[in-house]
Peer 1: 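Below is one structure. I have some questions about it.
FYI, side chains are in, hydrogens and waters are out, and symmetry mates aren't considered; it's all heavy atoms of this structure. All of these numbers come straight from a predicted model, not from anything done at the bench.
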Amino acid sequence: MTERFCIVLAAGQGTRMKSNVYKVLHPVAGRPMLQHVINQIKSVNLNEIVTIVGVGADKVMEQIGNECQYVVQKEQLGTGHAVQQAEELLKDKDGTTIVVCGDTPLITSATYQALFEHHEQTGAKATVLTAKAPDPAGYGRVIRNNNGEVEKIVEHKDASEKERCINEINTGTYCFDNQTLFQALKKVSNDNAQGEYYLPDVIGIIRNNGEKVSACLTPDYDETLGVNDRVVLAQAEKIMRKRINANHMRNGVTIIDPDNTYIEPDVVIEQDVVIHPGSIIAGSSTIKANSVVGPHTEITNCLVGEETVIRQSVAKDSKIGDRVQIGPFAHIRPEALIGNEVKIGNFVEVKKSSIAEKSKVSHLSYIGDAKVGSNVNVGCGTITVNYDGKNKFLTTIEDDAFIGCNSNLIAPVTIGKGSYVAAGSTITKNVPEESLSVARARQTNKEGYATKLKNRQKG
């Protein structure tokens, strides 16, 4: 099999983004654009990937890691100049080199594979991935001869009026015979409106040498979208999310309103899950079968068990069991472990705590740095007071305990198995098993005192 190499162009400053964030690191569906490109191209059998970086190189290398080799383009003198930076790594190798742009996050591995196969089957020295654009303004035009072969590619700024009427565009993705590529690059000139070395000029050079240049027309223009500003970034986001949602629906997930449901690429959702509008499922979350999410729910990096319902709530970096009821308006903060058949009700916050099976925290409570056993009832307004101003401490509530409303449990403290805490209590000492703890002042009624206060106010 022919050896395959890849050059990823990721050195552009992206000034039109008007951002301090390096262009190719802007996220699409929660993942940096360049990461989408690397993930898709890696799915094609490649011998080597070289990424050309420039401004922001350190941040790019931090994001992508050791998934490829890197070459720094110290001056941004055009795409042709960028590809030349890989010469020392690739010039002596035989095979096919694909050149891709780091700001085209929507191109799929299937398209990359189709481009490779088209190039190798036609025996061309260069193959351009093209698309028919509804509005080709700003794109390089693909100029074909009478035989339908690629004659040259003309950048929009250098194109004649007639050439600008052509709607077949250069997507910026190419396959080349590796040796031919680097030989042709030596002949590229910067005699153009921008004073840059254009990679598309290689096509004309190869053609003038009598070599075959082919074009692989992709049927999906949207897939080839290059992100140059925030407007196109939003378009790419919408297309990516539509693609993700469609895949989940085909796999048996019900998404009530796909246009208002936001799911990131690494999310796993099992069959017969129902997702209501306004929901965001992000990171490496997994939603098990027959669960219900939303409406207006945000889940990030969570494992959600089977038949669990989460409504109008936020959950992050936590594990949630089977047949759990959460919400509305609950907040599951990082490192929460929610057992099976637990109820977390409205305006309840859980942070770095475990709550065992069949326990209930129904409303208006804060459970932080706590270990809650099974079959525990936590009454309305209960707080685990975990912070003394310097350190966090653990509250333990053992199985079958009952915590009355408006209780403060001052950590470190343990509520024993089967014990009761009376409503309104502030607990500062451990409560033994099967005990009733009352920690509140005795009620005193001063009859007629309210009348005295009212008369004093009138005076």
Peer 1: Are any of the side-chain nitrogens in Glu270 or Lys288 under 4.0 Å away from the carboxylate oxygens of its partner?
Peer 2: yes
Peer 1: Once rounded to the nearest 0.5 Å, what's the spacing between atom CD1 of Ile287 and atom CD of Glu306?
Peer 2: 12.0 Å
Peer 1: Give the C-alpha distance, both sets of side-chain angles, the deciding distance and a yes or no for side-chain contact (heavy atoms from CB on, under 4.5 Å) between Arg241 and Glu237.
Peer 2: CA-CA 6 Å; Arg241 292 197 182 280; Glu237 179 88 10; 2.6 Å; yes
Peer 1: Got a second to check how far Asn260's CG is from Ser279's OG, nearest 0.5 Å?
Peer 2: 10.0 Å
Peer 1: At their closest point, which heavy atom of Ala236 faces which heavy atom of Val28, and how far apart are they?
Peer 2: O-CG1, 3.8 Å
Peer 1: So, taking the atom named OG in Ser214 and the one named NE2 in His119, what distance separates them when rounded to the nearest 0.5 Å?
Peer 2: 9.0 Å
Peer 1: Mind checking ring pair (Phe, Tyr, Trp, His ring centres under 6.0 Å) for Tyr139 and listing every partner two or more places apart, or none if nothing turns up?
Peer 2: none
Peer 1: Are Glu88 and Val71 close enough that some pair of their side-chain heavy atoms sits under 4.5 Å apart?
Peer 2: no
Peer 1: Are any of the side-chain nitrogens in Arg333 or Glu349 under 4.0 Å away from the carboxylate oxygens of its partner?
Peer 2: yes
Peer 1: Assess the residue pair Asp399 and Asn375 against the criterion (side chain to side chain donor-acceptor pair (under 3.5 Å)); give the C-alpha distance rounded to whole Å, side-chain angles, the decisive distance to 0.1 Å, and a yes or no.
Peer 2: CA-CA 6 Å; Asp399 296 348; Asn375 295 299; over 6 Å; no
Peer 1: Check whether more than 12 heavy atoms from other residues, nucleotides or ligands sit under 6.0 Å from atom NZ of Lys242, and answer yes or no.
Peer 2: no
Peer 1: Do Val350 and Val361 come close enough that some side-chain heavy atom pair is under 4.5 Å?
Peer 2: no
Peer 1: Tell me the closest heavy-atom pair linking Ala330 and Ser313, and the distance in Å.
Peer 2: N-OG, 3.0 Å
Peer 1: Return each pair, listed once, that meets ring pair (Phe, Tyr, Trp, His ring centres under 6.0 Å) where at least one residue sits in residues 326-352; pairs must be two or more places apart or across chains.
Peer 2: Phe329-Phe347
Peer 1: Locate the shortest heavy-atom distance separating Ala356 from Gly373; write the atom from each residue and the value.
Peer 2: CB-C, 3.4 Å
Peer 1: Check whether any side-chain heavy atom of Met17 lies under 4.5 Å from a side-chain heavy atom of Tyr22, and answer yes or no.
Peer 2: no
Peer 1: Do other residues, nucleotides or ligands put more than 12 heavy atoms under 6.0 Å from Lys238 NZ?
Peer 2: no
Peer 1: Which atoms form the tightest heavy-atom contact between Ser407 and Ala423, and what is the distance?
Peer 2: OG-CA, 4.3 Å
Peer 1: Could you check whether atom CG of Asn66 has more than 12 heavy atoms from other residues, nucleotides or ligands sitting under 6.0 Å from it?
Peer 2: no
Peer 1: So does Arg230 have more than 12 non-hydrogen atoms from other groups sitting under 6.0 Å from CZ?
Peer 2: yes
Peer 1: Is the shortest distance from a Lys or Arg side-chain nitrogen in Lys42 or Glu67 to a carboxylate oxygen in the other one below 4.0 Å?
Peer 2: yes
Peer 1: Taking atom SG of Cys175 and atom CD1 of Ile98, what is their separation to the nearest 0.5 Å?
Peer 2: 4.5 Å
Peer 1: Rounded to the nearest 0.5 Å, how far apart are CD1 of Ile49 and CD1 of Ile41?
Peer 2: 7.0 Å
Peer 1: Between Ser109 and Val44, which heavy-atom pair has the shortest distance, and what is it?
Peer 2: O-CG2, 3.8 Å
Peer 1: Under 3.5 Å, is there a donor-acceptor pair linking the side chains of Glu223 and Thr111?
Peer 2: yes
Peer 1: Got Asp317 and Glu335 here, is their nearest side-chain heavy-atom distance under 4.5 Å?
Peer 2: no
Peer 1: Within the supplied structure, the quantity of interest is the number of heavy atoms (other residues, nucleotides, ligands) at a distance under 6.0 Å from Tyr221 OH; does it exceed 12?
Peer 2: yes
Peer 1: Looking at side-chain heavy atoms only, is the closest gap between Val293 and Val304 below 4.5 Å?
Peer 2: no
Peer 1: Are the side chains of Val142 and Ile166 in contact, using a 4.5 Å heavy-atom criterion?
Peer 2: no
Peer 1: First locate atom CG of Leu217, then atom OG1 of Thr130, and finally report the distance between them rounded to the nearest 0.5 Å.
Peer 2: 4.0 Å
Peer 1: Side-chain contact test, heavy atoms from C-beta onward, threshold under 4.5 Å: evaluate it for Lys352 versus Lys392 and give yes or no.
Peer 2: no
